[in-house]
Amino acid sequence: PAQAPAAAPEPTPAPEPPRVIAVARPPSPRPAAADTLAEEARLLRTAHASLAAGDGAGATTALDEHARRFPRGALSEEREAARVLALCAEGRATEARAAASAFVATSPRSPLAAQVRRACATRAGE
């Protein structure tokens, strides 16, 4: 009997080209840490300039903006110390003392603690 011819091997399919996967980037990257710190410092400089000019309300406005924009900012300790000074400048000694007590309780080793403790003591009649 005649043998059937052997079937030719099937051709190997060509490999698929590698797939390119696009990675989506966030629409708006967070500001660089240096930019954030610079903005925090700017707000605190504004507050200190207001204090130096005797404008406790202006200082409070800058400190409130800092707290709103940077609630856990790198300079939040400095903000809270400045807030005590602003309250003293506004004649709000009772609130200033409460804020000073809270500051010293949470940051007893802060280099600002001594200044905060003395904050309203330098005002006449306090």
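Here the structure is a predicted model, which is why all the values come from computation and not from measurement. For this chain, numbers begin at 1 and follow the sequence in order. The figures here come from the full heavy-atom set of this structure, side chains too, leaving out hydrogens, waters and symmetry mates.
- In terms of heavy-atom proximity, Ala99 sits nearest to Leu87 at CB-CD1, 4.0 Å.
- Not counting sequence neighbours, the partners of Arg42 by the salt bridge (Lys or Arg N to Asp or Glu O under 4.0 Å) test are Glu39.
- Considering only heavy atoms from C-beta on, Leu63 comes within 4.5 Å of Leu44 through its side chain.
- Listed by chain and residue number, nothing satisfies the salt bridge (Lys or Arg N to Asp or Glu O under 4.0 Å) test with Glu78 (two or more places apart in sequence, or in another chain).
- Smallest separation of non-hydrogen atoms from Leu43 and Ala62: O-CB, 3.7 Å.
- Screening residues 55-64 for salt bridge (charged side-chain N to carboxylate O under 4.0 Å, His left out), with sequence neighbours left out, gives Asp64-Arg83.
- Taking both residues in full, the closest heavy atoms of Arg79 and Ala67 are given as NH1-CA, 3.5 Å, listed atom of the first, atom of the second, then distance.
- The CZ atom of Arg118 sits 10.0 Å away from the CG atom of Leu85 when rounded to the nearest 0.5 Å.
- Between the CG atom in Asp35 and the CD atom in Glu40 there is a gap of 12.0 Å [rounded to 0.5 Å].
- Every pair passing ring-ring contact (aromatic ring centres under 6.0 Å, His included) that includes a residue from residues 59-82 is listed here, sequence neighbours excluded: His66-Phe70.
- Remark: Ala59 pairs with Ala47, Ser50, Leu51, Ala86 by the side-chain contact (heavy atoms from CB on, under 4.5 Å) rule, at least two apart or across chains.
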Using residues 102-109 as the side-chain source, report each donor-acceptor pair under 3.5 Å to any protein atom, sequence neighbours left out, with the distance given to one decimal.
unit_1, atom_1, unit_2, atom_2, d
Thr106, OG1, Ala102, O, 3.1
Thr106, OG1, Phe103, O, 3.2
Ser107, OG, Glu77, OE1, 3.3

